**Student:** 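The structure follows.
Owing to the predicted nature of the structure, the values given are computational and were not obtained by experimental measurement.
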Amino acid sequence: MNAPARDWWRPELWLVIGIPLLTVLGGIWTLLAASGELSDDGDHADAKRTAQVQTADIEPDLAAARLGLKGDLQVDRARGEVRVQLPRLVDARDDLELRFVHGLQAGRDLQVRLQPQGEAWVAQAAPSADSRWRVVLADGDRQWRLVGTLPRGAATLALQPALPPP
């Protein structure tokens, strides 16, 4: 009677059962991970798709490079505020849009309008410190665009054109 009970404890039997079982569980986990909401950076870069070709509009990047625009972004998470310093070339009457694009979850993206306040542009928003963010600053007409990457936990960032001047 003891012989059948000992057969279940043989290591070879667990290898025969365990490897296929872990393979199936790993496949299910992979399908669940891949079916989650993933950010599509093409949606945020004004990209156009035709068949399998994707083209992006780089004119706003070139315009910012030609103007020599650069900016400094500061995130104050305690106050829930974002502050952007821009050169005097940007008129205080311009409408500015700031986007924080999450790398994996499009539902966590933030988009705010900046308001002039003294020598800076300010908005009430603070991206979480637990993620890395792609930051896009553009004027309301999308004539120019500055970009940067805010690392996880960072509070300051230098914004600059994505392309050098032609």
**Student:** So among Leu86, Leu146, Leu69, which one has a side chain to side chain contact (heavy atoms under 4.5 Å, CB included) with Leu159?
**Tutor:**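 Per the side chain to side chain contact (heavy atoms under 4.5 Å, CB included) rule, the option paired with Leu159 is Leu146, out of Leu86, Leu146, Leu69.
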**Student:** Examine Val122 and Val136 and state if one hydrophobic cluster contains both, with Ile, Leu, Val, Met, Phe, Trp and Tyr joined whenever side-chain heavy atoms are less than 4.5 Å apart.
**Tutor:**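 No, it is not one cluster - the side chains of Val122 and Val136 are not joined through contacts under 4.5 Å.
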**Student:** Measure the shortest side-chain to side-chain distance between Val75 and Arg77 over non-hydrogen atoms and say whether it is less than 4.5 angstrom.
**Tutor:**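 In contact.
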**Student:** Can you see whether Gln85 engages Glu119 through a side-chain donor-acceptor pair at a distance of less than 3.5 angstrom?
**Tutor:**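 No, no side-chain donor-acceptor contact under 3.5 Å.
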**Student:** What's the separation between atom CG in Leu150 and atom CZ in Arg134, rounded to the nearest 0.5 Å?
**Tutor:**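 Atom-to-atom, Leu150:CG and Arg134:CZ are 13.5 Å apart.
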**Student:** Tell me, with the steps shown, if Val82 and Phe100 meet side chain to side chain contact (heavy atoms under 4.5 Å, CB included).
**Tutor:** CA-CA 11 Å; Val82 176; Phe100 291 93; 4.1 Å; yes
**Student:** Where is the tightest heavy-atom contact between Ala65 and Pro164, given as atom of each residue plus distance?
**Tutor:**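 Distance-wise, the nearest heavy atoms are CB-C, 3.8 Å.
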**Student:** So, for Arg108 and Ser128, which heavy atoms are closest and what is the spacing to 0.1 Å?
**Tutor:**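 Residues Arg108 and Ser128, closest heavy atoms: NH2-OG, 2.8 Å.
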**Student:** In Å and rounded to the nearest 0.5 Å, what is the CD to CG distance from Glu97 to Asp139?
**Tutor:**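 Output value for this atom pair is 9.5 Å.
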**Student:** Search all heavy atoms of Leu96 against all heavy atoms of Trp144 and return the closest pair with its distance.
**Tutor:**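 Closest heavy-atom pair between Leu96 and Trp144: CD2-CZ2, 3.6 Å.
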**Student:** My understanding is that a hydrophobic cluster links ILVMFWY residues whose side chain heavy atoms are under 4.5 Å apart, including indirect links. Using that, what else belongs to the cluster containing Leu163?
**Tutor:**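 Its cluster partners, ordered by chain and number, are Ile58, Leu62.
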**Student:** Could you report the tightest heavy-atom contact between His102 and Ser131, atom names first, then the distance?
**Tutor:**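 Result for this residue pair: NE2-OG, 3.1 Å.
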**Student:** With clusters defined by side-chain heavy atoms of hydrophobic residues (ILVMFWY) lying less than 4.5 Å apart, directly or transitively, does Val24 cluster with Leu32?
**Tutor:**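 Leu32 clusters together with Val24.
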**Student:** Quick check for you: to the nearest 0.5 Å, what is the distance between Thr156 atom OG1 and Leu73 atom CG?
**Tutor:**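 Output value for this atom pair is 8.5 Å.
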**Student:** Considering non-hydrogen atoms only, spot the tightest contact between Asp76 and Ala126 and give its length.
**Tutor:**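 In terms of heavy atoms, the two residues are closest at O-CB, 4.5 Å.
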**Student:** To the closest 0.5 Å, what do you measure between CD (Gln143) and CD (Glu59)?
**Tutor:**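 Result: 8.5 Å between the selected atoms.
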**Student:** To the nearest 0.5 Å, what is the distance between CG on Leu110 and CH2 on Trp133?
**Tutor:**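 Rounded to the nearest 0.5 Å, the CG-CH2 separation comes out at 5.0 Å.
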**Student:** With side chain to side chain contact (heavy atoms under 4.5 Å, CB included) as the criterion, how do Asp109 and Gln111 come out once you've worked through the C-alpha distance, each side chain's angles and the decisive distance to 0.1 Å?
**Tutor:** CA-CA 7 Å; Asp109 292 356; Gln111 181 172 340; over 6 Å; no
**Student:** Quick one: list whatever passes side-chain contact (heavy atoms from CB on, under 4.5 Å) with Thr149, sequence neighbours left out.
**Tutor:**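 For Thr149, the residues satisfying side-chain contact (heavy atoms from CB on, under 4.5 Å) (neighbours in sequence not counted) are Arg132.
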**Student:** My understanding is that a hydrophobic cluster links ILVMFWY residues whose side chain heavy atoms are under 4.5 Å apart, including indirect links. Using that, what else belongs to the cluster containing Leu21?
**Tutor:**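 For the cluster that includes Leu21, the remaining residues are Leu25.
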**Student:** With clusters defined by side-chain heavy atoms of hydrophobic residues (ILVMFWY) lying less than 4.5 Å apart, directly or transitively, does Leu67 cluster with Leu98?
**Tutor:**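 Yes, it is one cluster - the side chains of Leu98 and Leu67 are joined through contacts under 4.5 Å.
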**Student:** For Ala64 and Arg145, work out which heavy atoms get closest and say how close.
**Tutor:**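 Distance-wise, the nearest heavy atoms are CB-O, 3.4 Å.
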